[in-house]
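By convention in this document, chain letters (A, B, ...) are assigned in the order of the sequence lines, proteins followed by strands, and residues within each chain are numbered from 1.
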Protein chains: 2
Amino acid sequence: MNVQRMGGDGTVGKALDVLDRVAAYGRPVRFSELLEGSPFPKATTYRLLQTLVSQGMLRLDPESGTYAPGMRLVRMAHAAWAQSSLAPIAQPHLDRLSQEVGETVHLAQLDGAQVLYVDKRNRAAKVPMYSDAGKVGPAYCTGVGKAMLAFLPEAELTRVLAQQSWHPFTGATITSPQAMREELAAIRDRGHAYDLEEHEPGIRCIAMPVLSARGRVQGAVSVTTDGPGPLDDHLPALRAAVTRIAGDLRDWRFPDKGEDQEWQASS
Amino acid sequence: MNVQRMGGDGTVGKALDVLDRVAAYGRPVRFSELLEGSPFPKATTYRLLQTLVSQGMLRLDPESGTYAPGMRLVRMAHAAWAQSSLAPIAQPHLDRLSQEVGETVHLAQLDGAQVLYVDKRNRAAKVPMYSDAGKVGPAYCTGVGKAMLAFLPEAELTRVLAQQSWHPFTGATITSPQAMREELAAIRDRGHAYDLEEHEPGIRCIAMPVLSARGRVQGAVSVTTDGPGPLDDHLPALRAAVTRIAGDLRDWRFPDKGEDQEWQASS
DNA sequence: AAACCCGGTTCCGATATTTGGAACTTCCGA
DNA sequence: TCGGAAGTTCCAAATATCGGAACCGGGTTT
């Protein structure tokens, strides 16, 4: 159950599929562009777009005849962000961590097989903003991604690993499930993950997962740098931040999802 | 056309209506709670919820049987935020403004009859307030709201004013369209708006609209304070920031919507 | 212990919606 | 003037949705 694919159920599924497609282009799209690559016939796609526009989920620029995601999404997302993510709880701790380490700090959650960044503190800008919230990235070659994978229940891990692209972004990128499982074992051992230029050249980071009381992965925090300094210098601060977040998490009785499966290091 | 009410068209409209309802509660909701107040019968609401969950738009906590907005929304909203809003363009200018005035800074857009905050810079990171992007507020008693209303085309203004609640948040709140029109005329004259404790006691702000080349309202920026200092001190910096944002807006040839109507001070 | 209530879930025929191939209409550029 | 591409509308057939009612599991009352 709970399959990943979309466009599945009924009209609503189709509409959301179209919505996703529009969002996927990083720019306003014309109807015809959208059409090629759409699994639905012309008239259907057209009608769905109409509906979405009338609902405010899409914005149609009448001048250029292009569609773009609408602001209603932002409004809705606020609610999601505020109550369905770690971000509100982690907020003050990220502030403090960012202060302490003086580097860019990320908070991410696992969304399907991808990493979803839900908050961020920029190194330079002393004041945060969530330009990055909502951004997604690969799980298999980012610090936060690997930190979370390492503590996933076996069944879930298998499923997620099967969905990775294993694209070799750099020479250091891990490109196979087997190699990844070894890496994850090491991460479990030492309690934190590194990303040593596996995603972007010159970018390294150290990351730790945030676990619920039951040991379920709730998210991950990372400290990123593009400089030469040793990452481990940030470990104490990072560990402290994650501990505090997990603590608050427990207190606030946050949605700790259903099944209380054991995650185990099998394989 | 382009009416405001929702739940209008077909299944998709209904689904989005339900989604909105869930988001409206600031917390996970039980099915039964949602049911009372839902315009749809039990079975229908149930099926819609199921669909939304399976689509990742909602998250169902199987333990407590509660629904909450899902992370897919955040992912989608990122796209909306990045391309359908002023925020990405205004980013650096907000940073600078925030630096210069040392107070809380907001960037907002008009979304229907409400003000939608799309970005923010906190004065001191000490306040455990979370990201305001996506938050909505009343248009008739906020600085950004009034600044934008003042430069709306007459037809649109009439429509928007008709949709305000005119709830008297404080003693200073403007509570009638007539009074508002006078206020708006004054705002047009001087080029900027004030909110003198009209929304929250002790909170004052000064705001200016961001206009496109054609004179259409694209958003507004405000500087907020809870202290005693004179607001006009911030005017130069605010004006400069707005000017720079508008400049970039022009360069980047940003979506300047269709009709190029005159806004006029009639009445 | 039986009866009862209350969320939550499922059924299923009637009904309204969606579907999508095809035709039509602008609007260009040649 | 012609040809083609993008966008829009039609409409009967096919299908998904609708929603009243029944069902289920569990807790509480009688």
Side-chain angles (χ1 to χ4, degrees), chain A residues 1-3 5-22 25 27-55 57-70 255 257-259, chain B residues 1-3 5-22 25 27-70 255 257-260:
Chain A
M1 67 195 62
N2 185 8
V3 208
R5 63 95 181 77
M6 47 205 6
D9 15 29
T11 317
V12 176
K14 288 173 196 168
L16 292 176
D17 182 62
V18 170
L19 187 54
D20 252 349
R21 259 167 232 282
V22 175
Y25 289 70
R27 55 177 176 81
V29 221
R30 223 174 297 282
F31 173 59
S32 51
E33 301 184 78
L34 215 41
L35 203 50
E36 51 194 69
S38 170
F40 315 113
K42 205 178 178 182
T44 301
T45 304
Y46 184 72
R47 202 162 358 85
L48 290 173
L49 284 171
Q50 261 188 172
T51 304
L52 288 169
V53 167
S54 122
Q55 288 294 325
M57 302 297 283
L58 287 180
R59 206 167 50 77
L60 167 61
D61 182 347
E63 201 159 336
S64 61
T66 55
Y67 297 86
K257 300 207 210 71
E259 335 80 271
Chain B
M1 67 203 60
N2 186 10
V3 209
R5 61 95 183 77
M6 48 205 9
D9 16 30
T11 317
V12 176
K14 288 174 195 168
L16 292 175
D17 181 64
V18 170
L19 187 54
D20 254 347
R21 260 169 231 282
V22 175
Y25 290 70
R27 54 178 178 79
V29 220
R30 221 173 295 283
F31 174 59
S32 51
E33 302 183 76
L34 215 41
L35 203 49
E36 51 195 67
S38 170
F40 315 113
K42 204 178 179 182
T44 302
T45 304
Y46 184 73
R47 198 161 2 85
L48 291 173
L49 283 171
Q50 259 189 173
T51 304
L52 288 168
V53 167
S54 121
Q55 288 295 324
M57 302 297 283
L58 287 181
R59 207 168 51 78
L60 167 61
D61 182 347
E63 198 159 338
S64 61
T66 55
Y67 297 86
K257 299 207 212 72
E259 334 80 272
D260 190 0

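Atom-to-atom, CD of B:Q50 to P of D:dA16 comes out at 16 Å; the value is rounded to the nearest Å. C:dC6 atom P lies 16 Å from atom CZ of B:F31, rounded to whole Å. Between the OH atom of A:Y46 and the P atom of D:dC10 there is a distance of 11 Å, given to the nearest Å. The distance between atom CZ of A:R30 and atom C1' of D:dA5, rounded to the nearest whole Å, is 12 Å. In this structure, B:L35 places its CG atom 10 Å from P of C:dG7, rounding to the nearest Å. With rounding to whole Å, A:F40 atom CZ is found 13 Å from C:dG20 atom C1'. The interatomic distance linking B:E36 (CD) with C:dG8 (P) rounds to 11 Å, in whole Å.
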Test side-chain contact (heavy atoms from CB on, under 4.5 Å) on A:Y67 and A:L52 and set out the steps. CA-CA 10 Å; A:Y67 297 86; A:L52 288 169; over 6 Å; no

side-chain contact (heavy atoms from CB on, under 4.5 Å) between B:K14 and B:V18, intermediate numbers included: CA-CA 6 Å; B:K14 288 174 195 168; B:V18 170; 5.7 Å; no

Residue pair B:L16, A:V12: steps toward the side-chain contact (heavy atoms from CB on, under 4.5 Å) verdict: CA-CA 9 Å; B:L16 292 175; A:V12 176; over 6 Å; no

Can you give me the N/O atom pairs linking the protein to nucleotides 24-30 of chain C at distances under 3.5 Å, or say none if there are none?
none

Nucleotides 17-19 of chain C: which of its N/O atoms have a protein N/O under 3.5 Å away?
{"from": "C:dT18", "atom 1": "OP1", "to": "B:T11", "atom 2": "N", "distance (Å)": "3.3"}
{"from": "C:dT19", "atom 1": "OP1", "to": "A:K14", "atom 2": "NZ", "distance (Å)": "2.8"}
{"from": "C:dT19", "atom 1": "OP2", "to": "A:R47", "atom 2": "NH1", "distance (Å)": "2.9"}

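Listed here is the closest heavy atom pair of A:V22 and A:A68: CG1-CA, 4.0 Å. Across B:D9 and A:S54, no two heavy atoms sit closer than the pair OD2-OG, 2.6 Å. A:L49 and A:F31 get closest at one heavy-atom pair: CD1-CD1, 3.5 Å. Minimum interatomic distance between A:L35 and A:F40 (heavy atoms only, all atoms of both residues): CD1-O, 4.4 Å.
Residue pairs satisfying the side-chain hydrogen bond (donor to acceptor under 3.5 Å, both in side chains) criterion with at least one member in residues 30-41 of chain A, sequence neighbours excluded, are listed as follows: A:R27-A:E33, A:S38-A:T45.
For C:dG8, the OP1/OP2 oxygens have a side-chain nitrogen or oxygen of B:S32 closer than 4.0 Å.
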